[in-house]
Number of protein chains: 2
Amino acid sequence: METYSIGEISKKTGVSIRTLRYYDEIGLLRPAKDPSSGHRIYTEEDILQLHKIMSLKFIGLSLEEIRQYIHQPTYDLTLKETLILEKNMLEQKRSQLERSIQAIEYAITLLEEEGEIDSLLLMSLIRSIQTEEDQKRLMTHYLDQETIDAIFHNEELKQKEKEMIKSYAQFVKQVHEMYGLPIDHPDVQHMIETFLRSTVGLLSSQTVEKIADLLNKKTSESFEWEEEWDVLSPLPFSKEEVQWLEQAMDYYMQRLEHTGIDWEEPQKGENDGHGKKR
Amino acid sequence: METYSIGEISKKTGVSIRTLRYYDEIGLLRPAKDPSSGHRIYTEEDILQLHKIMSLKFIGLSLEEIRQYIHQPTYDLTLKETLILEKNMLEQKRSQLERSIQAIEYAITLLEEEGEIDSLLLMSLIRSIQTEEDQKRLMTHYLDQETIDAIFHNEELKQKEKEMIKSYAQFVKQVHEMYGLPIDHPDVQHMIETFLRSTVGLLSSQTVEKIADLLNKKTSESFEWEEEWDVLSPLPFSKEEVQWLEQAMDYYMQRLEHTGIDWEEPQKGENDGHGKKR
DNA sequence: ATACCCCCTAACGCAACTGGAGGTTCAAGA
DNA sequence: TCTTGAACCTCCAGTTGCGTTAGGGGGTAT
């Protein structure tokens with residue numbers, strides 16, 4: 001029977017010598033040892049075991065889990081259950097990875113466009129993706145599934161993602177700059193209008209109405225979920241800026257109601273001649 | 001100014017108390033401390049920092065990297081470079097994850113179909129996915145890119161994946177059972193035919209020809225890459241079984257040549273009346 | 001004799017936490 | 001005022017899957 005030294009095995013399989021010794025140490029793969037020299041002696045059988053180990057490791061099992069299956073000549077349904085659990089883990093990891101990649105792409109886009117970027121802004125963007133699942137879950141307390149889907153699985157929205165990020169960044173910058181101006185200043189009101197049109201404008205009027213309802217309710221009743229809100233993304237503004245912005249938005253909304261103009265369905269076609277006051 | 005205890009912060013942000021203390025210890029987030037009690041006192045400012053940390057961690061930066069950006073009020077293009085590197089890392093991870101998931105799905109499929117499964121078979125399947133990249137790379141020594149793509153990016157092949165796995169599993173089982181029978185036994189020859197039709201049958205005749213050429217060459221010349229082959233997947237057979245199978249296949253091939261029948265293009269249309277000898 | 005391989009064991013280091021022991025401090029109730 | 005229990009503190013250890021020295025043995029080519 002042919003035998004191999006640890007170095008040969010390492011070359012053959014691509015597993016490092018240290019790793020092989022480690023597997024020996026933890027009892028995962030115990031080759032024979034030359035009693036006089038102490039050198040490890042690997043057989044073909046050992047190579048096969050090693051390949052098994054590598055397969056199961058590739059699947060994502062821990063060395064501890066691998067040890068439980070490694071000595072069985074056949075695998076049965078207990079492995080299947082392990083694998084299904086493992087598959088779910090991997091799929092979770094994948095979707096989390098995908099969100100991370102999306103977040104990083106946003107961040108790169110922004111850095112490219114702006115050159116330099118407010119750390120709070122970047123944070124709020126990343127966190128909004130990071131906590132997307134939480135946001136959805138939280139919304140189920142207030143909104144029906146249909147409305148939530150309308151917000152998050154909006155195809156048109158996805159296509160205009162880059163634009164939206166840019167306009168959001170613009171908005172944040174302008175708020176910083178304009179903070180302190182009177183809330184009824186035309187520039188301030190124009191900024192709010194532009195921002196709302198670029199974001200909310202993409203949602204259908206029913207969706208917007210439901211969200212408006214939600215906002216009304218939020219201030220009046222049911223603060224039971226308030227704690228959960230804390231886990232979500234903080235805004236890229238100081239407390240004072242938030243207050244100022246809220247006032248300015250209230251003013252904008254009131255004026256809207258007065259003039260009787262409301263959001264239009266985001267349809268193709270003419271996009272002018274309504275409520276553009278500045 | 002409002003302040004919070006470590007427990008409150010933990011609840012607010014979902015970060016464990018232990019982790020918060022750890023961040024303090026490594027200097028990532030150092031809240032003030034009550035000098036008399038030694039309790040940590042977190043401010044709103046600290047919460048913001050913590051959110052920043054969570055964002056950057058989410059996109060995959062290490063705590064060490066985070067520390068370099070955390071104290072800057074704005075991020076510049078050095079962050080962009082970091083992010084691009086990070087993005088590449090994440091994408092690599094993703095493709096590796098995807099292969100793992102694929103492998104695990106194969107394995108689950110097999111376990112479902114068969115109930116119990118030879119560990120060597122499972123291993124060879126997993127390893128064939130695991131080393132797909134290596135296989136491709138290795139093949140560039142022998143085959144042109146076009147042929148390789150024909151093998152690996154074959155749409156029809158992907159659709160029939162499950163079937164192929166099953167027929168491979170069948171084949172392995174039958175080899176174990178039939179080992180020892182004379183190589184010209186009708187059952188043996190039939191098994192080989194069935195297997196080849198279900199796998200190679202999906203490739204175009206040009207592709208098959210090229211592979212045949214490759215196999216001829218492999219025995220005659222250029223053993224320089226032999227070592228690399230070792231890294232790839234071992235077969236789910238014993239050495240003796242491999243020898244037996246090789247002989248049986250040689251016999252099959254010779255008979256094929258004699259009768260002048262060769263592989264047909266895998267086109268739609270009639271699939272009968274050629275070389276089906278059993 | 002020396003350089004250079006390959007092998008050995010033993011121990012430390014890593015990242016980003018988590019857990020436990022053993023000891024304060026704080027707020028509220030008896 | 002005392003006691004109880006929750007919440008906090010520090011310090012030390014352990015986790016995974018190895019990589020990386022450090023220190024040494026033994027064989028062979030120059």
Side-chain angles (χ1 to χ4, degrees), chain A residues 3-43 46 49-50 52-68 70 86 89-90 93 96-97 100, chain B residues 3-43 46 49-50 52-70 82 86 89-90 93 96 100 130:
Chain A
T3 62
Y4 308 87
S5 74
I6 196 171
E8 286 166 335
I9 294 294
S10 176
K11 272 206 188 104
K12 256 177 137 49
T13 62
V15 177
S16 79
I17 290 181
R18 175 65 182 100
T19 301
L20 289 168
R21 286 207 265 254
Y22 178 64
Y23 289 169
D24 187 358
E25 189 186 325
I26 65 172
L28 197 56
L29 182 66
R30 316 211 87 144
K33 280 197 176 190
D34 184 319
S36 63
S37 69
H39 289 197
R40 275 163 257 256
I41 301 165
Y42 289 85
T43 65
D46 290 323
Q49 283 284 62
L50 182 54
K52 274 199 214 170
I53 292 168
M54 289 162 73
S55 315
L56 295 178
K57 197 156 96 69
F58 180 73
I59 299 281
L61 300 192
S62 69
L63 299 187
E64 191 40 49
E65 286 169 308
I66 291 173
R67 180 154 47 197
Q68 301 176 21
I70 198 67
E86 195 46 39
M89 296 270 300
L90 292 186
K93 264 198 200 169
Q96 129 90 2
L97 239 184
S100 295
Chain B
T3 62
Y4 308 88
S5 74
I6 196 169
E8 287 168 331
I9 293 296
S10 176
K11 272 204 190 107
K12 256 177 137 51
T13 62
V15 178
S16 81
I17 291 182
R18 225 28 216 90
T19 300
L20 287 169
R21 286 208 266 257
Y22 176 67
Y23 287 169
D24 186 0
E25 189 187 324
I26 64 170
L28 196 54
L29 182 65
R30 317 212 86 146
K33 280 196 175 189
D34 184 318
S36 65
S37 69
H39 289 194
R40 289 172 180 81
I41 301 165
Y42 289 85
T43 65
D46 289 323
Q49 284 285 62
L50 182 54
K52 273 199 215 173
I53 291 170
M54 298 198 303
S55 317
L56 295 179
K57 200 158 94 65
F58 180 71
I59 53 182
L61 299 194
S62 70
L63 298 188
E64 198 32 62
E65 286 168 309
I66 290 174
R67 182 154 44 200
Q68 299 175 23
Y69 293 106
I70 199 67
T82 310
E86 198 41 43
M89 296 270 300
L90 292 185
K93 265 198 199 169
Q96 133 87 5
S100 294
Q130 184 181 357

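So you know, we letter chains A, B, ... as the sequences are listed, proteins then strands, and number each from 1.
A/Leu97 is listed as a side-chain neighbour of B/Leu90, based on a closest heavy-atom distance under 4.5 Å. B/Tyr69 has its side chain within reach of B/Thr82: a pair of non-hydrogen atoms, C-beta onward, lies under 4.5 Å apart. Side-chain contact between B/Gln49 and B/Lys52 is present, with heavy atoms from C-beta onward closer than 4.5 Å. Side-chain contact between A/Ile6 and A/Arg21 is present, with heavy atoms from C-beta onward closer than 4.5 Å.
When the C1' atom of C/dT9 is taken as reference, atom CD1 of A/Ile6 falls 12 Å away, rounded to whole Å. Between the CG atom of A/Leu20 and the C1' atom of C/dC6 there is a distance of 15 Å, rounded to whole Å. Rounded to whole angstrom, the span from the CG atom of B/Leu56 across to the P atom of C/dA15 amounts to 18 Å. Note: CD1 (B/Ile17) to C1' (C/dA16) measures 18 Å, nearest angstrom. Between the P atom of C/dA16 and the CG atom of B/Leu28 lies a distance of 10 Å, rounded to the nearest Å.
Across all strands, B/Ile26 comes closer than 4.0 Å to no nucleic acid atom at all (heavy-atom distances). The residue A/Arg21 sits close to a base: some heavy atom pair falls under 4.0 Å.
A/Arg30 meets the side chain to side chain contact (heavy atoms under 4.5 Å, CB included) test with A/Asp24; sequence neighbours excluded. Looking at residues two or more places apart in sequence or on another chain, you find a side-chain hydrogen bond (donor to acceptor under 3.5 Å, both in side chains) between A/Thr43 and A/Asp46. Taking B/Thr3 as the reference, nothing meets the side-chain hydrogen bond (donor to acceptor under 3.5 Å, both in side chains) condition, with sequence neighbours excluded.
From B/Thr19, atom OG1 reaches atom CD1 of B/Ile53 across 11.0 Å, with rounding to the nearest 0.5 Å. For the atom pair CG of A/Leu56 and CD of A/Glu65, the computed distance is 9.5 Å after rounding to the nearest 0.5 Å. Summarising the geometry, atom CG belonging to A/Leu50 is positioned 9.5 Å from atom OG belonging to A/Ser55; distances are rounded to the nearest 0.5 Å.
In 5' to 3' order, the nucleotides of DNA chain D bounding all contacts with chain A (an atom under 4.0 Å from a heavy atom) are D/dG17 to D/dT20.
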Can you check nucleotides 17-24 of chain C for protein contacts, nitrogen or oxygen pairs under 3.5 Å, and list what you find?
residue	atom	partner	partner atom	Å
C/dC17	OP2	B/Tyr23	OH	2.9
C/dT18	OP2	B/Ser16	OG	3.1
C/dT18	OP2	B/Thr19	OG1	2.8
C/dT18	O4	B/Arg18	NH2	3.2
C/dG19	N7	B/Arg18	NE	3.2
C/dG19	O6	B/Arg18	NE	3.3
C/dG19	O6	B/Arg18	NH2	2.2

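For C/dT9, one of the phosphate oxygens OP1 or OP2 lies less than 4.0 angstrom from a side-chain nitrogen or oxygen of A/Lys33.
Ionic pairing of A/Arg67 and A/Glu64 is present here: one or more N-O contacts between side-chain nitrogen and carboxylate oxygen are shorter than 4.0 angstrom.
Residue whose closest nucleotide on DNA chain C sits further toward the 5' end, between B/Asp34 and B/Glu64: B/Glu64.
Defining each end axis of the helix from C/dA1-D/dT30 to C/dA30-D/dT1 as the rotation carrying four pairs' C1' atoms onto the next four, with five pairs an end, the two axes are found to diverge by 30° to 10 degrees.
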